[in-house]
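Numbered from 1 within each chain, the chains take letters A, B, ... in sequence-line order.
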Amino acid sequence: MAKEYNYREIEQKWHRLWAERQTYKVTEDERREKFYVLNMFPYPSGAGLHVGHPLGYIASDIYARYKRQQGFNVLNPMGYDAYGLPAEQYAIKTGQHPEKTTFANIDRYREQLDKIGFSFDWDREVRTCTPDYYHWTQWAFQKMFNSYFDEELQKAQPIEKLIEKFKQEGTWPADEKAQSDLLMNYRIAFLGETMVNWCPKLGTVLANDEVVEGVSVRGGYPVEQKKMRQWCLRVSAYSQRLLDGLDTIDWSESIKETQRNWIGRSEGAEIEIPYTLSKDGDEAGSFTIFTTRADTMFGVTFFVLAPESELVDKVTTPEQRAAVDEYLKYVKSRTERERMIDHTVTGVFSGAYGINPITGDKCPIFIAEYVLAGYGTGAIMAVPAHDSRDYAFAKHFDLPIIPLVEGADISEESYDAKEGIVCNSPITPDKSVEYDGERLCLNGLTIKEAISETKRFVKAHNLGRVKVNYRLRDAIFSRQRYWGEPFPVYYKKGIPTMIPEECLPIELPQVEKFLPTETGEPPLGNAQIWAWDEKNRKIVDKKLIDEAAGIYPIELYTMPGFAGSSAYYLRYMDPHNDQALVSDRAASYWQNVDLYVGGSEHATGHLIYSRFWNKFLFDLGVSKKEEPFKKLVNQGMIQGRSNFVYRIKETNTFVSLGLKDKYDVTPIHVDVNIVKNDILDLDAFKAWSPEYATADFVLEDGKYVCGWAIEKMSKSMYNVVNPDMIVENYGADTLRLYEMFLGPVEQSKPWDTNGIDGCFRFLKKLWALYWDKDGNLALTDDEPSADSLKTLHKLIKKVTGDIEAFSYNTSISAFMVAVNELSQQKCSSRTVLQTLPVLIAPFAPHIAEELWEALGGEGSVCDAKWPQYEEKYLVETSVKLGVQFNGKVRFDMLFPADATPEQMIELATSAPEAAKYLEGMDIVKTIAIPKRIVNIVVKPKA
RNA sequence: GCCCAGAUGGUGGAAUUGGUAGACACGAGGGACUUAAAAUCCCUUGGCCAGUGAUGGCCGUACGGGUUCGAUUCCCGUUCCGGGCACCA
């Protein structure tokens with residue numbers, strides 16, 4: 001009996017031995033070069049892992065193992081993003097503490113992950129919800145509170161420096177409350193009264209990236225705009241650095257582009273506009289507009305303010321008051337979603353007029369919802385000829401439109417392009433205001449020239465300033481939830497004050513109920529022991545709150561999901577340190593993440609926040625690199641492949657795919673686990689649901705063929721494939737290989753269990769190379785044949801290159817080819833067969849270990865040195881090339897491998913096969929590319 | 001609307017970046033072994049046409065053009081699918 005490939009035994013054995021031997025434990029070792037591989041840590045959901053989750057983990061594990069075999073000291077940790085809404089909502093429903101369900105889910109995840117054979121160092125596991133972890137989340141928050149962003153230095157500085165500056169300037173107020181309010185405008189973590197995304201259904205505010213098309217990402221509930229006092233992070237201060245940093249990192253162009261869009265830098269000018277409250281009135285004040293099209297100043301025919309702008313109240317005249325109020329009421333009644341979808345032109349005249357500083361013209365000021373309060377200054381100059389939105393507005397309210405570009409047709413639509421020659425600027429020479437003897441004239445310039453000329457003019461005559469705006473907003477950092485990090489903040493006479501750093505962490509208090517309180521306080525309002533005793537430096541019962549006694553209320557908000565996930569990669573470097581987020585030694589050694597693998601859905605969330613957070617910690621000197629993730633690989637989504645059966649309407653009879661068109665049928669999803677190669681297991685189907693127990697079938701060729709479709713993997717489509725089941729039936733190594741074989745890691749692709757046999761067969765063939773028919777090792781110490789050496793070295797070359805390029809599907813193909821070749825060559829040479837497990841180890845570590853051990857290899861195959869290929873084995877003595885005539889391959893022939901192009905042409909044209917193509921022809925041109933092709937261009941003789 | 005990425009057999013996907021398109025795998029068909037099944041092994045498998053046959057010819061990488069001796073690859077235009085941004089002035 002040949003020795004069977006018993007994957008179950010092998011994999012269990014090695015899981016045990018790896019654990020016993022602590023094979024994957026890593027420590028800082030300055031003598032060796034480091035390599036940091038990281039996966040985006042998962043949120044442990046109740047549903048467990050499906051086959052799509054491990055895709056990225058497998059890809060990064062292969063890379064980590066490969067790097068380790070190359071001699072790098074590889075950090076490859078794993079942990080859990082443990083705070084999150086599902087656990088909280090489950091707690092609200094069942095009363096079960098979210099920690100309990102979260103930990104149970106984590107155990108389940110761990111069990112599933114362990115089966116796949118990852119090289120994670122579990123000693124470094126982190127969970128964002130444990131106090132020893134969120135200690136440092138709270139600590140970072142306090143550091144942000146105590147820092148401001150210095151625009152000159154473009155970096156965070158201690159807030160004391162700012163206070164010092166205010167004192168020197170004499171602008172430092174005496175009153176404590178006033179001091180606090182002043183500093184709030186500068187702190188990187190600050191309490192701000194801002195418009196927030198409020199989701200009534202979830203009872204919490206949400207960050208911009210948590211809202212898509214006016215509804216919450218989680219749950220899809222409507223979101224409205226509300227002014228609330230919230231903790232915010234001054235992410236916008238880092239806009240330019242976040243933008244510049246993108247050029248220094250190895251991420252996909254599309255994700256960098258997404259971040260550039262999200263940051264939304266635009267260069268423009270801010271211009272002061274004086275206004276009057278009637279057509280002939282005196283100047284009553286001024287406001288500032290922002291424009292990127294300074295060149296269009298001569299085409300301004302009205303101004304528009306955002307309805308939420310503070311200016312609205314100032315510019316509204318008594319006559320227009322009623323109309324304006326009514327309009328504001330209308331705007332308020334519209335949800336964010338309605339405003340986004342419905343772009344009908346609405347607006348109201350304020351009664352006031354703005355004075356164009358360039359032309360001196362007075363133009364009406366409108367209030368309209370198409371201008372956003374949060375961007376620029378919340379006020380614009382409208383140039384209907386060259387902006388489609390202004391155009392629509394002007395048409396609707398019958399306002400003048402002045403074209404400013406030569407030849408632009410504006411009868412039907414505006415001309416928005418920034419191309420062309422400027423005209424009508426000014427229309428007549430006297431139609432411009434003189435400043436210090438200079439008048440602005442843009443006629444004849446290109447638009448680009450006109451923009452810079454106007455900017456220069458505006459700046460020179462102090463009419464405004466050049467300004468860069470960013471769309472990136474500050475992140476709202478508080479949530480009205482229970483299951484999150486509590487803020488280490490108390491309110492001393494209404495002034496937010498940090499709990500001393502030495503007293504951290506402030507642990508999440510126990511509560512009876514996880515819902516908001518009856519008085520509308522967040523869930524932490526239910527906590528009894530939740531007041532800060534300043535003197536005794538401890539948390540006490542909130543009944544004791546007493547300003548005189550120095551006992552104050554603690555913040556009731558908690559931190560959002562991204563708080564814990566923003567710096568976890570630093571914590572992995574030194575996870576048990578209770579003195580610092582990370583020791584200087586560990587941070588200096590591990591630096592930053594060399595390879596980060598995860599989904600692209602985090603492009604505008606986690607991947608912006610961590611970059612921001614890391615830049616802040618970099619400014620503090622805690623993080624050693626400006627960018628946290630050097631290379632990013634976004635693994636594609638694994639979609640489900642659903643199967644369908646076709647029920648004839650109003651019967652319990654099911655008809656096979658090929659015959660379904662003859663009947664009136666309803667397609668019904670059927671569990672993919674009872675279908676193999678699209679053939680339905682009839683008994684399993686009957687047993688699947690009582691409804692189908694008595695089902696009849698119309699078969700074709702005695703089989704029931706199911707239909708299929710590619711859909712999202714979800715329970716309701718019965719297309720979820722569980723990795724445990726694959727491991728059970730085929731083994732972890734097969735699962736690992738197949739997940740990679742499916743296609744490029746970055747690409748989204750459907751999961752189709754049907755193809756898995758190919759990978760399973762490959763492993764069985766590999767296994768069979770090593771054993772004779774009696775089950776003994778079939779190895780000889782013979783010199784390997786030239787063929788076998790060529791096969792081996794070709795493989796080494798290919799696999800090494802493919803791993804570096806993250807192209808795992810092609811390297812697995814190469815393995816398949818090599819094993820087939822070796823098997824045909826009947827190779828039994830120890831030299832060759834001992835190298836094979838070393839090469840396959842990153843992909844299929846269990847079988848590699850087993851073979852390595854059987855061959856008497858030293859230690860673990862995980863540490864076996866990655867082999868180098870040698871060109872000498874790959875050298876060809878002759879090469880077969882196609883010979884082309886006029887670009888068409890006519891025949892193949894052998895050439896000496898070292899033939900020069902001239903020799904190749906000589907050989908090709910004198911070959912017997914060439915005769916019939918050369919007959920009656922003249923050679924026009926010859927091209928010979930060594931290792932490629934020989935091409936002879938001919939034409940009929942004249 | 002703007003920006004980005006893509007389209008290759010029945011299926012997943014290869015193609016050394018301009019050099020014999022379809023590697024590898026699945027599925028399908030045929031065969032060997034077997035009482036049978038599983039497992040294993042061998043052959044065929046992009047389409048069309050000619051030939052008893054070895055074989056030969058033509059067409060083929062979403063569509064239409066272009067550059068080139070030669071294009072899946074480069075350029076221009078079109079269609080379709082995916083992703084991001086979106087009254088951002």
Can you tell me how far [atom1] in [N] sits from the matching atom in [M], rounded to whole Å?
| N | M | atom1 | answer |
| --- | --- | --- | --- |
| B:C81 | B:C42 | P | 44 Å |
| B:G12 | B:C75 | P | 26 Å |
| B:U34 | B:G51 | P | 41 Å |
| B:G10 | B:A32 | P | 30 Å |
| B:G19 | B:C33 | P | 47 Å |
| B:A7 | B:G1 | P | 24 Å |
| B:A62 | B:G82 | C1' | 15 Å |
| B:G83 | B:C74 | P | 24 Å |

[N] phosphate, OP1 or OP2: any side-chain N/O from [X] under 4.0 angstrom?
| X | N | result |
| --- | --- | --- |
| A:Tyr370 | B:A89 | no |
| A:Asn809 | B:C26 | no |
| A:Arg260 | B:G84 | no |
| A:Gln884 | B:G19 | no |
| A:Lys749 | B:G12 | no |
| A:Ser600 | B:G84 | no |

Along RNA chain B (nearest heavy atom to each residue), the more 5'-positioned of A:Ala814 and A:Gly378 = A:Ala814
ask   = Hey, which of these two, A:Tyr738 or A:Val937, hits RNA chain B nearer its 5' end, going by closest nucleotide?
value = A:Tyr738
Have a look at [X] and say if it touches a base, only the backbone sugar-phosphate, or nothing, with a 4.0 Å heavy-atom cut-off.
| X | answer |
| --- | --- |
| A:Lys765 | sugar-phosphate |
| A:Leu372 | base |
| A:Pro744 | sugar-phosphate |
| A:Asn935 | base |
| A:Val383 | nothing |
| A:Asn634 | nothing |
| A:Arg473 | base |

What is the base-pairing partner of [N], counting Watson-Crick and G-U wobble geometry with both distances under 3.5 Å?
| N | value |
| --- | --- |
| B:G1 | B:C85 |
| B:U40 | B:A32 |
| B:C69 | B:G19 |
| B:G60 | none |
| B:U55 | B:A50 |
| B:A25 | B:U11 |

remark   = Result for side-chain hydrogen bond (donor to acceptor under 3.5 Å, both in side chains) between A:Thr346 and one of A:Tyr327, A:Tyr330, A:Tyr370 points to A:Tyr327
Flag the pair [X] and [Y] as a salt bridge only when some basic side-chain nitrogen lies within less than 4.0 angstrom of an acidic carboxylate oxygen.
| X | Y | answer |
| --- | --- | --- |
| A:Lys332 | A:Glu308 | no |
| A:Arg293 | A:Asp416 | no |
| A:Lys764 | A:Glu4 | no |

In whole angstrom, give the distance that lies between atom [atom1] of [X] and atom [atom2] of [N].
| X | N | atom1 | atom2 | answer |
| --- | --- | --- | --- | --- |
| A:Leu55 | B:G12 | CG | P | 17 Å |
| A:Arg471 | B:C3 | CZ | C1' | 11 Å |
| A:Leu881 | B:G70 | CG | C1' | 15 Å |
| A:Ile927 | B:C69 | CD1 | P | 7 Å |
| A:Asp678 | B:G27 | CG | C1' | 9 Å |
| A:Arg761 | B:C42 | CZ | P | 11 Å |
| A:Ile380 | B:A89 | CD1 | P | 11 Å |
| A:Lys418 | B:C3 | NZ | C1' | 15 Å |

hbond_proxy A:Asn261 side chain to B:C85 base (donor-acceptor, 3.5 Å cutoff) = no
ask   = Syn versus anti for B:U61, judged by chi lying within 90° of 0?
value = anti
remark   = B:G6 glycosidic conformation (syn if within 90° of 0, otherwise anti) is anti
message = ring pair (Phe, Tyr, Trp, His ring centres under 6.0 Å) for A:Phe806 and A:Tyr808? Distances and angles first, verdict last.
response = CA-CA 6 Å; A:Phe806 241 75; A:Tyr808 299 140; 5.2 Å; yes
Side chain of [X] only, please: which of [options] is the nearest?
| X | options | value |
| --- | --- | --- |
| A:Ser254 | B:A89, B:G13, B:C4 | B:C4 |
| A:Ile933 | B:A25, B:C85, B:U20 | B:U20 |
| A:His343 | B:A89, B:U40, B:C87 | B:C87 |
| A:Lys764 | B:U40, B:C4, B:C85 | B:U40 |
| A:Met816 | B:A25, B:C69, B:A89 | B:A25 |
| A:Tyr375 | B:C24, B:A89, B:C4 | B:A89 |

task = Pick out which of A:Asn634, A:Leu632, A:Val633 makes a side chain to side chain contact (heavy atoms under 4.5 Å, CB included) with A:Ser252.
result = A:Asn634
request  = Answer with yes or no whether the side chains of A:Ser236 and A:Asp474 bring together a donor and an acceptor at under 3.5 Å.
outcome  = yes
A:Met637 atom CE, over 12 foreign heavy atoms within 6.0 Å = no
query = Parallel under 30°, tilted from 30 to 60°, perpendicular over 60°: which one fits the rings of A:Tyr738 and A:Trp751?
reply = perpendicular
